[in-house]
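Read the structure below first, then the notes.
Per chain, numbering begins at 1; letters A, B, ... match sequence-line order.
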Amino acid sequence: MTRVQPAARGFWLMKTEPHTFSYDDLHAAPGHTTPWDGVRNYQVRNMLRDDFRLGDQVFIYHSSCQMPAIVGVGVIVREGYPDLSALDINSPYFDDRAALKGESPWVCVDVKALGRFDRQIALQDLRLDPELAGMHLLRKGSRLSVQPVEAAAWRHILSMAELRL
DNA sequence: GCCAACGTTGGC
DNA sequence: GCCAACGTTGGC
């Protein structure tokens with residue numbers, strides 16, 4: 001008898017600009033949950049569509065702000081589905097080409113806030129930590145708004161943040 | 001505001 | 001398919 005092993009939980013980092021949508025905004029959303037829409041990069045779209053699984057956990061990272069930092073943890077509560085904001089003329093994420101086709105090629109997932117770090121982990125601190133060398137976020141020219149996180153790095157950062165889930 | 005590092009676009 | 005021009009991201 002063979003038994004199918006459940007897939008290991010995936011770990012990710014998702015960037016957001018706090019002046020637009022912060023971790024606290026996520027926590028304040030109904031059910032602490034929001035669709036992570038507006039992604040308009042094919043590499044990221046493919047990850048959201050093909051690799052994100054229910055129960056995967058994500059670091060919420062604040063970018064384009066005074067102190068770029070990982071500020072908390074979320075969990076995927078709905079797997080990839082069409083991001084219809086691309087077809088909504090009133091959305092900041094409207095995509096005229098998608099609208100012309102009448103079909104959105106973009107994908108979003110639902111993210112639920114799980115916990116905010118007591119102590120934010122600044123980009124500066126991540127760079128200083130030898131255990132995190134090679135982390136995607138720290139690579140020169142890394143711009144993807146969604147990135148995989150190694151399990152070891154995930155655990156290490158959680159311990160830095162002293163967050164118990 | 002600067003600019004490096006990409007990604008996308010579109011003419012050829 | 002090539003590649004120059006342009007746009008975007010995001011730290012600093």
Side-chain angles (χ1 to χ4, degrees), chain A residues 10-29 34-52 56-76 80-111 113-150 152-154 156-161 163:
Chain A
F11 299 111
W12 308 92
L13 178 145
M14 303 179 97
K15 297 181 187 174
T16 185
E17 302 187 5
H19 59 88
T20 303
F21 190 83
S22 68
Y23 180 87
D24 290 340
D25 293 329
L26 176 60
H27 187 266
T34 204
W36 205 268
D37 57 6
V39 167
R40 297 292 179 267
N41 171 286
Y42 284 105
Q43 253 180 286
V44 174
R45 189 276 309 265
N46 293 347
M47 283 191 274
L48 294 176
R49 186 189 59 193
D50 304 331
D51 303 327
F52 270 60
D56 282 3
Q57 294 189 355
V58 302
F59 284 139
I60 305 296
Y61 175 84
H62 282 174
S63 68
S64 295
C65 56
Q66 202 172 359
M67 189 177 83
I70 299 175
V71 299
V73 174
V75 60
I76 302 305
Y81 61 99
D83 176 0
L84 298 182
S85 69
L87 308 183
D88 175 5
I89 188 116
N90 294 314
S91 166
Y93 307 125
F94 179 69
D95 174 349
D96 50 3
R97 294 220 278 188
L100 216 58
K101 279 192 67 182
E103 190 181 317
S104 176
W106 303 112
V107 169
C108 57
V109 295
D110 285 0
V111 180
L114 266 192
R116 190 186 217 291
F117 290 169
D118 289 331
R119 187 150 54 89
Q120 298 191 178
I121 308 298
L123 178 61
Q124 224 176 325
D125 299 330
L126 297 171
R127 285 196 194 288
L128 287 173
D129 196 317
E131 284 201 48
L132 299 176
M135 197 180 166
H136 199 295
L137 183 72
L138 308 180
R139 290 215 273 271
K140 197 179 167 87
S142 155
R143 295 182 316 156
L144 292 182
S145 62
V146 169
Q147 316 175 350
V149 175
E150 302 277 338
W154 177 270
H156 185 64
I157 292 168
L158 274 191
S159 69
M160 292 167 81
L163 179 73

What does nucleotides 3-12 of chain C look like as a protein-contact string, B for base, S for sugar-phosphate only, - for none, at under 4.0 angstrom between heavy atoms? -----BBSSS

Scan for side chain to side chain donor-acceptor pair (under 3.5 Å) pairs involving residues 97-107 of chain A, sequence neighbours excluded, and state none if there are none.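 Only A:Asp95-A:Trp106 qualify under side chain to side chain donor-acceptor pair (under 3.5 Å).
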
Applying side chain to side chain donor-acceptor pair (under 3.5 Å) as the test, list every pair that has at least one member in residues 11-23 of chain A; sequence neighbours left out.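 Only A:Trp12-A:Asp56, A:Glu17-A:His19, A:Ser22-A:Asp25 qualify under side chain to side chain donor-acceptor pair (under 3.5 Å).
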
Excluding sequence neighbours, so at least two apart, what forms side chain to side chain donor-acceptor pair (under 3.5 Å) with A:Ser142?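 Partners of A:Ser142 by the side chain to side chain donor-acceptor pair (under 3.5 Å) criterion, ordered by chain and then number, come out as A:His136, A:Gln147.
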
Residues in side chain to side chain donor-acceptor pair (under 3.5 Å) with A:Asp88, at least two apart?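 Counting only residues at least two positions away or on another chain, A:Asp88 forms no side chain to side chain donor-acceptor pair (under 3.5 Å).
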
Suppose we screen for side-chain contact (heavy atoms from CB on, under 4.5 Å). Which residues come up paired with A:Arg127, at least two apart in sequence or across chains?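 Counting only residues at least two positions away or on another chain, A:Arg127 forms a side-chain contact (heavy atoms from CB on, under 4.5 Å) with A:Leu123, A:Leu138.
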
With A:Val44 via side-chain contact (heavy atoms from CB on, under 4.5 Å) - residues at least two apart: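 With neighbours one apart ignored, the set is A:Val39, A:Asn41, A:Met47, A:Leu48, A:Leu144, A:Ser145, A:Val146.
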
Restricting to salt bridge (charged side-chain N to carboxylate O under 4.0 Å, His left out), what partner residues turn up for A:Arg139, sequence neighbours left out?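 Partners of A:Arg139 by the salt bridge (charged side-chain N to carboxylate O under 4.0 Å, His left out) criterion come out as none, since no residue qualifies.
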
So which of residues 97-106 of chain A are in contact with DNA chain C, with a heavy-atom cut-off of under 4.0 Å?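 When residues 97-106 of chain A is checked for heavy atoms under 4.0 Å from DNA chain C, there are no hits whatsoever.
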
